[in-house]
Amino acid sequence: MFRLAAFLAVAALTAGCGGSSGTSSNSTPTPTPTPTPTPTASGRVITISGLAFSPLKLQVQPGDTVTVQNKDAMQHTVTSEAAPNAFTHSAVAGVSFDTGFFTGTATFTIPASAPVGTVIPYYCRNHTSTMATPTGEIDVVASVSSSPTPTPTPAPPATGY
């Protein structure tokens, strides 16, 4: 019985003395947040999903950066072409871009000198006409229109009934 009591006393002493390195062995490390791609400040985003571009018509201003989010498992490109369905990398009014083959996220910038009114068709060099939406277009505009914000309907005036 004495041995059991001595053993329990030693066990209790050593359990409380886990050594000290300045940190608690019971602390849980704070998880590091995983960064997620965010749209550019201008909000110009093309998404590729299910072999389709969205939106098919994107308005940008000269100097805007376009973010392309490829949600497919395969590599795609967003490549300018001179005319829809030409499937040849080319420029329109001096504006040319090509993300190169990528998965995940890529960006390109429309030159600040891009003339307003320029329409640049684009396609995927990897899949050309086999995309569900083979081409899209980028329209260079003076200012990007946004969706109108609904105006709240005012409440009818109270009646004294």
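For the single chain, residues carry numbers from 1 onward in sequence order.
Between the Ser90 side chain and the Thr88 main chain, no donor and acceptor come within less than 3.5 Å of each other. Side-chain atoms of Glu81 come within 3.5 Å of backbone atoms of Ala86 as a donor-acceptor pair (strictly under, hydrogens ignored). One N or O on the side chain of Asn126 and one on the backbone of Gln75 form a donor-acceptor pair closer than 3.5 Å. At distances below 3.5 Å, not a single donor-acceptor pair connects side-chain atoms of Asp139 with backbone N or O atoms of Lys57. Counting only distance, with no hydrogens or angles, the side chain of Ser80 and the backbone of Ala91 share no donor-acceptor pair below 3.5 Å.
In this structure, Pro121 and Val92 approach most closely via the heavy-atom pair CD-CG2, 4.1 Å. Here the closest non-hydrogen pair linking Ala112 and Pro62 is O-CB, 3.3 Å. When every heavy atom of Ala73 is checked against every heavy atom of Thr103, the shortest pair comes out as O-CG2, 3.8 Å. The minimum heavy-atom distance between Val95 and Ala114, with the atom names listed, is CG2-CB, 3.6 Å.
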*Intermediate values then yes/no, side chain to side chain contact (heavy atoms under 4.5 Å, CB included), Glu137 and Ile120*: CA-CA 5 Å; Glu137 72 180 38; Ile120 310 109; over 6 Å; no
_As a quick check of understanding, evaluate side chain to side chain contact (heavy atoms under 4.5 Å, CB included) for Val60 and Val140, giving each step before the final call._
CA-CA 5 Å; Val60 301; Val140 181; 4.2 Å; yes
*For side chain to side chain contact (heavy atoms under 4.5 Å, CB included), just list the numbers for Val45 and Val66, CA-CA rounded to whole Å, side-chain angles, deciding distance to a tenth of an Å, and then say yes or no.*
CA-CA 6 Å; Val45 178; Val66 177; over 6 Å; no
*Decide yes or no on side chain to side chain contact (heavy atoms under 4.5 Å, CB included) for Arg44 and Val144, but give the supporting numbers first.*
CA-CA 10 Å; Arg44 312 301 175 247; Val144 176; 3.3 Å; yes
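For Phe53 and Tyr123, the distance between ring centers is not under 6.0 angstrom.
Following chains of ILVMFWY side-chain contacts shorter than 4.5 Å, one can reach Val68 starting from Leu56, so the two form part of one hydrophobic cluster.
Ile138 is listed as a side-chain neighbour of Phe97, based on a closest heavy-atom distance under 4.5 Å. Side-chain contact check for Thr67 versus Thr105: some heavy-atom pair is nearer than 4.5 Å.
Note that CD of Gln61 is 6.0 Å distant from OG of Ser143, once rounded to the nearest 0.5 Å. Atom-to-atom distance recorded for Ile46:CD1 and Thr107:OG1 is 11.5 Å, nearest 0.5 angstrom. Distance check: Tyr122 OH to Thr135 OG1 gives 8.0 Å after rounding to the nearest 0.5 Å. Here Cys124 contributes atom SG and Ile48 contributes atom CD1; the two are 6.5 Å apart, rounded to the nearest 0.5 Å.
Leu51 pairs by the side-chain contact (heavy atoms from CB on, under 4.5 Å) definition with Asp72, Met74, His76, His127, Met131, not counting sequence neighbours. In this view, Pro55 and Leu58 satisfy the side-chain contact (heavy atoms from CB on, under 4.5 Å) rule, not counting sequence neighbours. The side-chain contact (heavy atoms from CB on, under 4.5 Å) search around Ala93 returns Pro115, Thr118, not counting sequence neighbours.
A donor atom on one side chain and an acceptor atom on the other are not found under 3.5 Å apart for Thr77 and Thr99.
Cation-pi geometry between Arg125 and Phe101 is satisfied (NZ or CZ under 6.0 Å from the ring centre, within 45° of the ring normal).
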